[in-house]
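Supplied in structure tokens, the structure appears directly below.
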Number of protein chains: 2
Amino acid sequence: MLDDRKAAILSAVVQEYIATAQPVGSTHVAHAPGVGVSSATVRNEMAVLEQEGFLAQPHTSAGRVPTDKGYRFFVDHLGRPGQADALTTRQVGEFFQAAHGRLEEMLHHTSDLLTQLTRNAAVVVGPKVAEVPIRSAQIVRLSSTAATVVFVFANGSVDNEVIEIADDVSDASLAAATVHLSTHLGDRVLGSASVPDTGDHATDDLCRLALDVMVGHGTDEEPAYVGGVSTMAEAFDAVEVVRQVLHTLEQQFVVVSLVRDIVDRGMSVAIGVEHGVEPLSACSVVVAPVVVDGEHVGSVGVLGPTRMNYPQALATVDIVSDQLGRRLGDG
Amino acid sequence: MLDDRKAAILSAVVQEYIATAQPVGSTHVAHAPGVGVSSATVRNEMAVLEQEGFLAQPHTSAGRVPTDKGYRFFVDHLGRPGQADALTTRQVGEFFQAAHGRLEEMLHHTSDLLTQLTRNAAVVVGPKVAEVPIRSAQIVRLSSTAATVVFVFANGSVDNEVIEIADDVSDASLAAATVHLSTHLGDRVLGSASVPDTGDHATDDLCRLALDVMVGHGTDEEPAYVGGVSTMAEAFDAVEVVRQVLHTLEQQFVVVSLVRDIVDRGMSVAIGVEHGVEPLSACSVVVAPVVVDGEHVGSVGVLGPTRMNYPQALATVDIVSDQLGRRLGDG
DNA sequence: CGTTAGCACTCGGTAGGATCGACTGCCAAG
DNA sequence: CTTGGCAGTCGATCCTACCGAGTGCTAACG
């Protein structure tokens, strides 16, 4: 698609722009390693690259800036997949070595880790509870008219929901329902969960209510942890853009579906408008699935301005998702 | 401390500045209702107010801006406590009417509500789990070497922690420990939790481990929900301030201890440096405790620039904390 | 024929200067 | 004590000149 020299020039522009955030001129590019021609030649080539949509000029007498298409070519053909550097590898290793405790906490801390490593916002999406085998179900009375339903899942996560119960429901019924649910749900998943009738009216009602409320509540929700949003404040100089981005990142479901969508499309990088979330069109997203035993149980991602360090982000996201998968695997 | 006229002038300056974010001049103040004197007189008075530290001048030929001390006097003596307006009252009422489900979710949504009503960041701090009576304890096996400990508390919240167990721990031991814990912990609180030995080594070990891990993890943590951070992007024009504020708000424990500290000191408003968190010295915090049956079970708060609408924030925070308390009371 | 040096040109960014206007402080009169 | 009047201050705005980074074009060069 692009000859070697154009590719080298594009690469130089992208890297320089990522480093400085300033439009880059022909002279800089000419001096870049791998480009052994004069600035005049570079200018000619850059004019072509601009016509073909890889570069843009903020204004007539400024240097060139990569377009989304330019970044796309860069990540597809130029940013060599690359290993994370030694320091990153070590930090990630140490992190997961020390990681312990609840799933939610670990995912939360993972997003902090990614933020720290990439200096960008980070997203970690956990497994849908609806797809994880149930290990235990329990109904606990809170008051005469309220109880809480607690499900424990095989990955150690716990979900609960409060239900209202009739005044005359006895403790015995609650206990019976707990036993009944636990017996029949073991190792099933919420999505396909159902229990046979016992014949006892009160118990059956409780079981149905408990299941309904858990399914209704948890079916399509995936826990998401977004960290490092404060880095966005510096990423853009337009206040309005910052506000929009922050506002969007506050809406958890938007972020989740954004990440899910990219992963589902088999992509690992979505640049600018590619991800289709309009308020984030100045942002790129780098994601990687978290895989345990061949199962896709979550995703990790980095979100930053389109002018972000793609090779580093890719390498970091890869190593983190890999190690997170291993860690979850031997939980 | 201040005669009526000075107070009226200060009040006018504060209100005008809150509304416009511009330094306010003597002419504006002279025209304000309640100030029946000429601009010249106002100037004289403002000079005094400045000397006494209630007002400041950004530069010689600009209008006056309230200082932290000025805001303090305003909230203490001028911003009449005030009822929330009808719309707010209605919205809050409807919100808690419709609110249901898990405590965590309700608190989260409450912070969104506060953000929407006050157009500022909002903080909701839930009860320390260590202080809520335990309703149930359960140990559930996850794998041959891992289990999760689940505690259900009287307010419907659930906390869990993953523990490692020896390879040879039997299901029977887990069940025994579960029963033992539940029997002895019912209606106790984590802070004072302990269970007698059973004599069975494996069971006792499990019980001790489960208690330790829950106490060690949950003792001093209070769940906090921070919403509306994107509003901070517009509150300040200095990018650096925005970044600092956002960064600070991302550190949950800072926010929690900030709110807790203010509530503990019996204050409802902390202005600028009063709260002692340096990176937030451009911010004020308005808080109210959430009380259920005379017990302080949490706090709600609003965080914004010192130039915020204190009367509205106070009224809103009050009504929300009140209604939240009621809602939790009849849960 | 591709490459390169040279050159005229463009245009954003910065600096200096004038002007404007929203203030203030002060003073003298009411 | 209050107030109208007035001189003075100083940021904000606008203009202009200018600089310089960077471009496109052209003509020479290997």
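In what follows, chains carry the letters A, B, and so on, assigned in the order in which the sequence lines appear, proteins first and then strands, with residues in each chain numbered from 1.
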Checklist entry - Is the closest basic N to carboxylate O distance between A:Arg72 and A:Asp68 below 4.0 Å? => result no

Item to check | Separation of atom NE2 in A:His28 from atom C1' in D:dG22, rounded to whole Å | outcome: 10 Å

Checklist entry - To the nearest angstrom, how far is B:Asp4 atom CG from D:dC1 atom P? => result 17 Å

Checklist entry - Are A:Arg265 and A:Asp261 close enough for a salt bridge, meaning some N to O gap below 4.0 Å? => result yes

Checklist entry - A:Glu45 CD to C:dG2 C1': how many Å, rounded? => result 10 Å

Checklist entry - A:His31 has an atom NE2; how far is it from atom P of C:dT4, in whole Å? => result 12 Å

Next on the checklist: For nucleotides 23-30 of chain D, give me one character per nucleotide, 5' to 3': B if any protein heavy atom sits under 4.0 Å from the base, S if the only such contacts are to the sugar-phosphate, - if neither.
Outcome noted: BBB-----

Item to check | Whole-Å distance separating the CD1 atom of B:Ile9 from the P atom of D:dC1 | outcome: 15 Å

Checklist entry - Can you tell me if B:Asp85 and B:Thr88 form a side-chain donor-acceptor pair at under 3.5 Å? => result yes

Next on the checklist: Quick check on the 6.0 Å ring-centre criterion: do A:Phe73 and A:Phe54 meet it?
Outcome noted: yes

Next on the checklist: I need the CD-P distance between A:Glu16 and D:dA21, as an integer number of Å.
Outcome noted: 14 Å

Next on the checklist: In this structure, how many angstroms lie between the C1' atom of D:dA12 and the NE2 atom of B:His59, rounded?
Outcome noted: 9 Å

Next on the checklist: Check this one for me: any side-chain N or O of B:Thr41 less than 4.0 Å away from OP1 or OP2 of D:dT3?
Outcome noted: yes

Checklist entry - With a 6.0 Å cut-off on ring centres, are A:Tyr310 and A:Phe74 close enough? => result no

Item to check | Nucleotide D:dA21, atom C1' - distance to OH of A:Tyr17 in whole Å | outcome: 16 Å

Item to check | Contact summary for A:Val226 and A:Ser111, nearest pair of heavy atoms | outcome: C-OG, 4.2 Å

